[in-house]
Amino acid sequence: MATQKTFEQSMKLLEQIVEQLESSELPLEKALKKFEEGIKLSKYCSEKLDEIEKKVTILLQDQDGNYIETPFMSEND
Amino acid sequence: MATQKTFEQSMKLLEQIVEQLESSELPLEKALKKFEEGIKLSKYCSEKLDEIEKKVTILLQDQDGNYIETPFMSEND
Amino acid sequence: MATQKTFEQSMKLLEQIVEQLESSELPLEKALKKFEEGIKLSKYCSEKLDEIEKKVTILLQDQDGNYIETPFMSEND
Amino acid sequence: MATQKTFEQSMKLLEQIVEQLESSELPLEKALKKFEEGIKLSKYCSEKLDEIEKKVTILLQDQDGNYIETPFMSEND
Amino acid sequence: MATQKTFEQSMKLLEQIVEQLESSELPLEKALKKFEEGIKLSKYCSEKLDEIEKKVTILLQDQDGNYIETPFMSEND
Amino acid sequence: MATQKTFEQSMKLLEQIVEQLESSELPLEKALKKFEEGIKLSKYCSEKLDEIEKKVTILLQDQDGNYIETPFMSEND
Amino acid sequence: MQKKIYTVSQLTKDIKQLLEDSFPIIWISGEISNFSMPASGHYYFTLKDSQAQISSVMFRGQNQHLKFTPEHGMGVTGLGRISVYEPRGTYQIIFEYLEPKGIGSLQIAFEQLKKRLSDEGLFDDAYKKTMPCLPGKITVITSPSGAVIHDIINISKRRFANAHIEIIPVKVQGKGAEKEIVSGIKLLNTRADSDVAILARGGGSLEDLQAFNSEDVARAVFASRIPIISAIGHETDYTISDFVADLRSPTPSAAVELVLPVKTDVKQTIAEYYKKLILLITGQIESHRICIKNMTNQLTDPKKRIDHLRFKSDDFYQRLSRIFFKTLEQSRERHMWRTNELKLKNPGMQIKNYNNEIKRYNEILVNSLKSLMYTKKSGLCVLNGKLNVLSPTAILDRGYSITRTVPDSIIVKDAKNVSSGQDLEILVSKGLINCQVKGNPQNGNPKDL
């Protein structure tokens, strides 16, 4: 998906939304939209973190359990 | 519907109607018309608020509870 | 008497009749006719008031109870 | 005597007759005739008044039944 | 003598007869005649009066019984 | 001799990765990748240490003049 | 023949060339006097004997390697070259090497070989190979007997228990040692399965270490593709091999330390990196989490606004209803007031007035007629009375009577006027007598009667 933003972009967006909501008196409907967007971004970022944390956990389990053959393969591919 | 006013516009209109009714003594029928209009606006605003509050509540519940698959899909559609 | 008259117009007419009855010594039959007219106007106004009150009551009940779909339709019709 | 006469005309006539009878000494037969005429007029006027009074009473009662019961009774009693 | 005479004419005649009887020494026959005539006139007038009284009573009773009771009766009784 | 090279490179890389993660605020996704790489490197290096076979040998020439690696018994052992 | 005239510079240049070409490098011996060492670290002194003296210098780069410090009055033998310093027109010897007087030819040979190899560049750092940080296999070229190999094995075990050590046994002194060392190094490179080699020998005299000062060994070391550490003799002993080797170790045991890491240290380093990696990534995740949480908390804004707007909207609604009901109430009051007014203005009063009027008229009518009737009645009564008084029949009461013909009612005054049988009526006081004439009436005067 082309619009799949990175975590950092999402965080930046979330920050902007927080600032917008904080600073300017947005019309209610717009504020709702922004809020909705913010919640979605927050969720998205949170999930992304979960995902990454899970990945980290798996990596660490692998470390203790399984054997990894070629550490540089991934880099060269 | 083209005349679907925003919440802010509706509130402004409602305020103007209240002020008109308060400041000047209108003939009964005119007052009725204004009153009717005002009640409709008030109803509209009230419902809009309910709607928005519901949305916010759902969003907040979602945040704590459920999983949302594609946070940016809805935006692009 | 046409029913198209507004409450205010009817009240004005009623006032005129009262004045006529007050000021000039009308022949009895004319006075009776005026009086009759006045009573009818008064009745009409009274009904008009009841009607408006009923309308308002319904409007206010609607507000608390039922849902109204398109608040601005009536204004555009 | 034609019934086309208005109440006021009848009263006028009655007054004239009364004056004639009162002021000058009429021949008996003429006086009787005048008397007869006067009584008839008086009867006619009286009936007319009753009729009007009834109408007024009905109008007043019609207005809303109990509002003012019998405006004349109290005054005449 | 015709009955077309009015009450007043009859009274006048009666009066003349009385005067004639009073003033001149009429031969008995004439006097008797006059006298007879006078009696007749008197009777006529009296009847006339009764007749009128009756008529009035009827007129007044006609009116509606109680309004004017019977102004003549009471006095004549 | 190849393994010796990669061990060295791996250690160097591992050190660099740690430094990168330490010094700069890498985007999360990149940081994860670096982390993954680092974990793999650390695993790899750790394994490499144990991979070396413990032995003390001596090269002795057989009758044909070929050198044969044979266990060396230290006098002190 | 034309006279050649030199400039000072030309002459000095020619002298410089002459001197420096004639004495490129020479051994010279003499006695040191006026020795000084300024901050630069170079040695300045005069070398003299009983008849002559020459200015001398030994630069820091060279004097560092001296195993002794020169002093005033010391007899020395040194290797140097003549150098002319043109700006001052002086010459001096620049020493490469110095040693106390009385050293043997072995030493001289050593120095000469060292010098040669050095000039060839065999000692250059550019050729020095780097040591592996974790050698998979270490070859030790040394004597399989003796303390050296045991020390090496023991230290290796201590540092890296599972180290792979291979020994290429060689003679390290005496006849044939040179050859064996050279072929050992060649064997090392032929097999090419080691990561590093240690060329080792215990301490000994210059003669004992002779094999390691040989040119063949030096060249074999230089030629090796596998890095070689030299670990020969004691810390103070230098051999040519030491200079050529990729790394010089002061002692054989120190060579192991140079080439073999302590396994637990490496393990610890890796573990530290590993820990740091986890710490860093989890730290980053955690800080992002906190950041998200903070931002999300800051997001819960609209509810407050909704509450506020609801208040506002409700207020409008209430005001609206209040005002409108007030308007309605006022309209009702207005209407009621007007209606009352209307009712008060009803035609009742008029009707009452008319009624009174009619009543009055009726009374007048009746009274008028009554009085008229009364007048008429009384008039009639008077006339009746008078008439009665004047009645001609009044005299009848006194006994008179009146006789009249019937039906003509002619009063009979003369009897002649009647005929027999004629009907007459006689009026008396009370009543009327009907009668018939019986006979012929007589004429006469009533007076006759």
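Chain identifiers are assigned alphabetically (A, B, ...) following the order of the sequence lines, protein sequences preceding nucleic acid strands; residue numbering begins at 1 within each chain.
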For atom NZ of G:K171, is the number of surrounding heavy atoms from other residues, nucleotides or ligands below 6.0 Å larger than 12?
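Yes - once you tally the heavy atoms of other residues, nucleotides and ligands closer than 6.0 Å, there are more than 12.
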Counting heavy atoms not belonging to G:K275, are there more than 12 under 6.0 Å from its NZ?
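Open: at most 12 neighbouring heavy atoms sit under 6.0 Å from NZ of G:K275.
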Should the pair G:F222 and G:Y127 be assigned to parallel (<30°), tilted (30 to 60°) or perpendicular (>60°) ring geometry?
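Perpendicular: the ring planes of G:F222 and G:Y127 meet at over 60°.
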Heavy-atom pair count under 4.5 Å with chain F, highest-scoring of [options]:
options	result
G:I138, G:V266, G:V140	G:V266
G:I278, G:L279, G:I285, G:T269	G:I278
G:L187, G:N162, G:T139, G:I168	G:N162

Counting only non-hydrogen atoms closer than 4.5 Å, does F:E53 touch chain G with its backbone (N, CA, C, O), its side chain (CB onward), both, or neither?
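Answer is backbone: N, CA, C or O of F:E53 sit under 4.5 Å from chain G.
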If you count heavy-atom pairs within less than 4.5 Å of chain G, which of F:L26, F:L21, F:I52, F:V56 leads?
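Ranked by contacts with chain G, first place is F:I52.
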At a heavy-atom distance under 4.5 Å, which candidate from F:V18, F:T70, F:T57, F:L60 has the highest pair count against chain G?
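The residue among F:V18, F:T70, F:T57, F:L60 with the greatest pair count is F:T57.
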Compare all side-chain heavy atoms of F:I58 with those of F:E69 and state whether any distance is below 4.5 angstrom.
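Not touching, per the 4.5 Å side-chain cut-off.
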Among G:I152, G:L199, G:I149, find the residue that satisfies the side chain to side chain contact (heavy atoms under 4.5 Å, CB included) test when tested with G:P252.
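Output: one option passes, namely G:I152.
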Going by atom types only, do G:S253 and G:D151 share a side-chain donor-acceptor pair under 3.5 Å?
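Short answer, no.
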Does any backbone or side-chain atom of [X] lie under 4.5 Å from a heavy atom of chain F? Answer side chain, backbone, both or neither.
X	result
G:K276	side chain
G:L280	side chain
G:A271	neither

With a 4.0 Å cut-off, would you call G:E215 and G:R219 a salt bridge?
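Salt bridge between G:E215 and G:R219, a charged N being under 4.0 Å from a carboxylate O: yes.
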